[in-house]
**Student:** 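Below are the structure tokens for one structure; questions will follow.
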Amino acid sequence: MSLSPTVTARLDQMIAELNDGERAWAREPLASRRALLMQVHANVAAHADEWVRIAGDIKRLPAGCALLGEEWTSGPWAVLEYAPALAESLTRLEQGRDLLQGCRVGTAPGGRVTVDVLPYHVYDRLLLSGFKAQVWMEPGVTEQETREHAGLAQRAPEHTAGVAVVMGAGNIFSIAPLDTLYQLYAYNRVVLLKLNPVTDPLLPVLAAVFAPLIDRGYLRIVTGDASVGDHLVNHPGVDAVHITGSEATHDVIVWGAGAAGTEAKAAGTPRLTKPITSELGGVCPTIVMPGRWSTADIRFQAEHIATQRLHNSGFNCIAAQVVIVSRDWPQKQEFFAALRAAFAAAPARPAWYPGCDLRVAEARRTHPTYETVGGTAERTLLWNLDLGDATEPAFGTEYFGPVLGVAELPGTGVDFLDAAIDAANDRLHGTLGANLVIDPRTRRRLGPQLRERIARLRYGTIGVNAWTAVGYLAARATWGAFPGHTLDDVQSGRGVVHNALLLHRPERTVVSGPFRPLPRSIASGEFSIMPKPPWFVTNRTAATTGRRLAGFAARPRWAALAGIFASALRG
């Protein structure tokens, strides 16, 4: 579909305004850039209730629904955590201080430098008790290089890099705001944000949130269909593109649509020649290490994995799609029964994202023995997937919906873990995130071997007893695919976002959490006062806890902690 002359003129005018805005952005000192960030932070706090209300309407969640907690934590809370973290980095740069001051810097297998980014301060230790996040740099990057290059483009803010088009995601509503801020601060580009049509109702909120940047000419926000996006990314006044979405959409942008796009890709002649970064999802695994688990452990971890798939109705780039279990685990059948029960017990909710019915139908068509579980017609389990089958579609197709596959491999201990890692690396498409569930006893038994195996996993975020989405929420962690993908085999994308410390050449983020919730965590020797996490789909007070977490991030204060803990414990 071609654009009308009126729409074309409006888009061209916006890009012209941003070209002017770039010159003004180059003159903004770090102190002023920090002030703008904190104005955005204040605006998010002021419009958080409206943001969540509209998000609930888009996702067809009734007022008062506990599942609105997802919208609080993956919406306003994520941005409210990120803006001050990035602002602190700007303050340190302005003062000539080390951005990594206060962060423990260590090493990981393969000559990697690591930076501990969670917990960062005392509030993290309380609100995310027992959860940790560590950024691993690429092999060969030294500690000195890590410190010297932290800050990225803000080390020379006067050297701007043009106009970026950000193609916003339609599933998680903090993605587009966070991607916008990353282009502005990490790359020093002014931004034209093109919303996914699903999120168009949020335009008034985002316009109000980003008013300080819009008013100064550093940001424009537009809505529209694919033809609008096509005009923008190919506009001569645009210097770079960032997309969060599907690999198919990325390839249309880079190579073109239909037969012409296929031919261009085969010939290595991209239609888009300007820089493009991307986060594109994939088929994410959860590896379940066999051990001796209690009935409560099995039930809790089954809920954990159900959350990894059913959060946001499964419409997450980081949703687990394939669970890899030991065929020789004596508790395998008990775990499978608990997983089925957790899927069935998760709250019923609409499969709201466009195209879900078609994707689920295709998954079922190619797996005639599928099982329908739970309170929605789309919720599906695929049993007995064969990791040796090169034609298995569940390993190469991101279903982007409430479909979870289960595969088995022989062995126990390190032998099983090695086989599962090989399968995750070599059989599953994409490298965005991988999860590992392992009980404390087995973890102690593996010792340093576990860290060596984590180093072998080729994923941008790895969660050990913590869903990788915790890495998305951790402001100073990096988020993106494992580095090394090419334009013609992009898989989960190229580049990272978030990264409030503005680290140069990160390879991955490793997050970890407690195997058991409070009080069983304390009883079993894990120092964590975290009850059932608020992002669990089975958390009864998720909406209240999420609202209070957002309120705390807007204005941190000791007096607010009691209310957060009380709500969390009731969940």
**Student:** Does atom CZ (R557) have a neighbourhood of more than 12 heavy atoms from anything else shown, all under 6.0 Å?
**Tutor:** yes
**Student:** For a 4.5 angstrom cut-off between non-hydrogen side-chain atoms, does R349 reach R60?
**Tutor:** no
**Student:** Within the side chain of D116, is there an N or O that forms a donor-acceptor pair under 3.5 Å with the backbone of Q134?
**Tutor:** no
**Student:** Between R379 and A346, which heavy-atom pair has the shortest distance, and what is it?
**Tutor:** NH1-O, 3.1 Å
**Student:** Would you check, one step at a time, whether the test side-chain contact (heavy atoms from CB on, under 4.5 Å) holds for L202 with L195?
**Tutor:** CA-CA 9 Å; L202 279 169; L195 296 182; 5.6 Å; no
**Student:** Using a strict cut-off of less than 4.0 Å between a Lys/Arg side-chain nitrogen and an Asp/Glu carboxylate oxygen, indicate whether D57 and R53 qualify as a salt bridge.
**Tutor:** yes
**Student:** Should N188 and R33 count as side-chain neighbours, where that means a heavy-atom distance under 4.5 Å?
**Tutor:** yes
**Student:** Between R299 and E303, is there a salt bridge with N-O shorter than 4.0 Å?
**Tutor:** no
**Student:** Looking only at side-chain N and O atoms, does R508 offer a donor or acceptor that is under 3.5 Å from a partner on T461?
**Tutor:** no
**Student:** Can Q301 and H304 be counted as having a side-chain donor-acceptor contact under 3.5 angstrom?
**Tutor:** yes
**Student:** Would you say the side chain of H311 lies within less than 4.5 Å of the side chain of N316, judging by non-hydrogen atoms?
**Tutor:** yes
**Student:** Please step through side-chain contact (heavy atoms from CB on, under 4.5 Å) for the pair Q154 and L502, ending with a clear verdict.
**Tutor:** CA-CA 9 Å; Q154 295 308 300; L502 300 175; 4.1 Å; yes
**Student:** Roughly how far, to the nearest 0.5 Å, is the CG atom of L99 from the CG atom of L503?
**Tutor:** 8.0 Å
**Student:** Rounded to the nearest 0.5 Å, what's the gap from CG on L36 to CG on L184? Could you check?
**Tutor:** 9.5 Å
**Student:** Here's a test for you: under side chain to side chain contact (heavy atoms under 4.5 Å, CB included), which of V190, L192, L213, V165 qualifies with R220?
**Tutor:** L192
**Student:** For a side-chain contact (heavy atoms from CB on, under 4.5 Å) check, start with the C-alpha distance between C356 and F400, then their side-chain angles and the critical distance, and finish with the verdict.
**Tutor:** CA-CA 7 Å; C356 178; F400 208 66; over 6 Å; no
**Student:** For the side chain of R309 and the backbone of G401, is there at least one donor-acceptor N/O pair under 3.5 Å apart?
**Tutor:** yes
**Student:** Salt bridge or not between R476 and E88? Use side-chain N to carboxylate O under 4.0 Å.
**Tutor:** yes
**Student:** Please tell me if the side chains of E526 and I522 come closer than 4.5 Å, counting only heavy atoms from C-beta onward.
**Tutor:** no
**Student:** For T478, does its backbone N or O pair with a side-chain atom of T509 as donor and acceptor, under 3.5 Å?
**Tutor:** yes
**Student:** Just do the salt bridge (charged side-chain N to carboxylate O under 4.0 Å, His left out) check on R34 and E94 with the steps written out, would you?
**Tutor:** CA-CA 10 Å; R34 180 189 182 280; E94 184 185 20; over 6 Å; no
**Student:** What are the two closest non-hydrogen atoms of P177 and V79, and how far apart are they?
**Tutor:** CB-CG2, 4.2 Å
**Student:** If you define the side chain from C-beta out and look only at heavy atoms, does anything of L232 sit under 4.5 Å from V222?
**Tutor:** yes
**Student:** Enter the distance from L339:CG to L404:CG here, rounded to the nearest 0.5 Å.
**Tutor:** 6.0 Å
**Student:** Ignoring hydrogens and geometry beyond distance, is a side-chain donor-acceptor pair present between E70 and W535 at under 3.5 Å?
**Tutor:** no
**Student:** As an exercise, state the distance from NE2 of H242 to CG of L193, rounded to the nearest 0.5 Å.
**Tutor:** 10.5 Å
**Student:** Could you check whether any side-chain heavy atom of L280 comes within less than 4.5 Å of a side-chain heavy atom of C317, counting everything from C-beta outward?
**Tutor:** no
**Student:** Tell me if a side-chain donor or acceptor on S129 pairs with a main-chain N or O of L126 at a distance below 3.5 Å.
**Tutor:** no
**Student:** Should S492 and F482 count as side-chain neighbours, where that means a heavy-atom distance under 4.5 Å?
**Tutor:** no
**Student:** Give a yes or no on whether the backbone of N171 and the side-chain of K59 come within a donor-acceptor separation of less than 3.5 Å.
**Tutor:** yes
**Student:** So, does S567 use its side chain to make a donor-acceptor pair with the main chain of I564 at under 3.5 Å?
**Tutor:** no
**Student:** Can the ring centres of W467 and F536 be said to be less than 6.0 Å apart?
**Tutor:** no
**Student:** Would you mind telling me which of V209, V52, L549, V205 makes a side chain to side chain contact (heavy atoms under 4.5 Å, CB included) with P76?
**Tutor:** V52
**Student:** Taking all heavy atoms of V360 and all of P402, pick out the closest pair and write down the distance.
**Tutor:** CG2-CD, 4.4 Å
**Student:** What are the two closest non-hydrogen atoms of G229 and M167, and how far apart are they?
**Tutor:** CA-CE, 3.8 Å
**Student:** Going by atom types alone, do S74 and S174 pair a side-chain donor with an acceptor below 3.5 Å?
**Tutor:** no
**Student:** For P350, does its backbone N or O pair with a side-chain atom of S313 as donor and acceptor, under 3.5 Å?
**Tutor:** yes
**Student:** Regarding E371 and T380, is there a side-chain donor-to-acceptor distance under 3.5 Å anywhere?
**Tutor:** no
**Student:** Is E398 salt-bridged to R359, going by a charged N under 4.0 Å from an acidic O?
**Tutor:** no
**Student:** Ignoring hydrogens and geometry beyond distance, is a side-chain donor-acceptor pair present between D297 and S294 at under 3.5 Å?
**Tutor:** yes
**Student:** Are R494 and E279 close enough for a salt bridge, meaning some N to O gap below 4.0 Å?
**Tutor:** no
**Student:** With no hydrogens and no angle check, is any side-chain donor or acceptor of K194 less than 3.5 Å from a backbone partner on G224?
**Tutor:** yes
**Student:** Are side-chain N/O atoms of N539 and T545 paired as donor and acceptor at under 3.5 Å?
**Tutor:** no
**Student:** Checking the side chain of Q308 only, and the main-chain atoms of T286 only, is there a donor and an acceptor separated by less than 3.5 Å?
**Tutor:** no
**Student:** Would you give the length of the straight line joining atom OG of S512 to atom CG of N465, rounded to the nearest 0.5 angstrom?
**Tutor:** 8.0 Å
**Student:** Check the side chains of T541 and T544 for a donor-acceptor pair under 3.5 angstrom, ignoring hydrogens and angles.
**Tutor:** no
**Student:** So, taking the atom named OG1 in T199 and the one named CD1 in I54, what distance separates them when rounded to the nearest 0.5 Å?
**Tutor:** 11.0 Å
**Student:** Any side-chain to backbone donor/acceptor pair from H121 onto D124? Under 3.5 Å, distance only.
**Tutor:** yes
**Student:** So, for L80 and A550, which heavy atoms are closest and what is the spacing to 0.1 Å?
**Tutor:** CD1-O, 3.4 Å
**Student:** Kindly indicate whether the side chain of P506, heavy atoms from C-beta on, has any atom under 4.5 Å from the side chain of V496.
**Tutor:** yes
**Student:** For the ring pair W77 and Y82, is the centre-to-centre distance below 6.0 Å?
**Tutor:** no
**Student:** How close do T468 and V511 get, counting heavy atoms only, and between which atoms?
**Tutor:** CA-CG2, 4.3 Å
**Student:** Which label fits F173 and W352: parallel for a plane angle under 30°, tilted from 30 to 60°, or perpendicular past 60°?
**Tutor:** perpendicular
**Student:** Test W479 against I175 for side-chain contact (heavy atoms from CB on, under 4.5 Å), laying out the working first.
**Tutor:** CA-CA 11 Å; W479 184 254; I175 293 177; over 6 Å; no
**Student:** How about R540: does its CZ atom have over 12 heavy atoms from other parts shown lying under 6.0 Å from it?
**Tutor:** no
**Student:** Are Y182 and N499 linked by a side-chain donor-acceptor pair shorter than 3.5 Å?
**Tutor:** yes
**Student:** Measuring centre to centre across the rings, with the benzene-like ring taken for any Trp, is F300 within less than 6.0 Å of F515?
**Tutor:** no
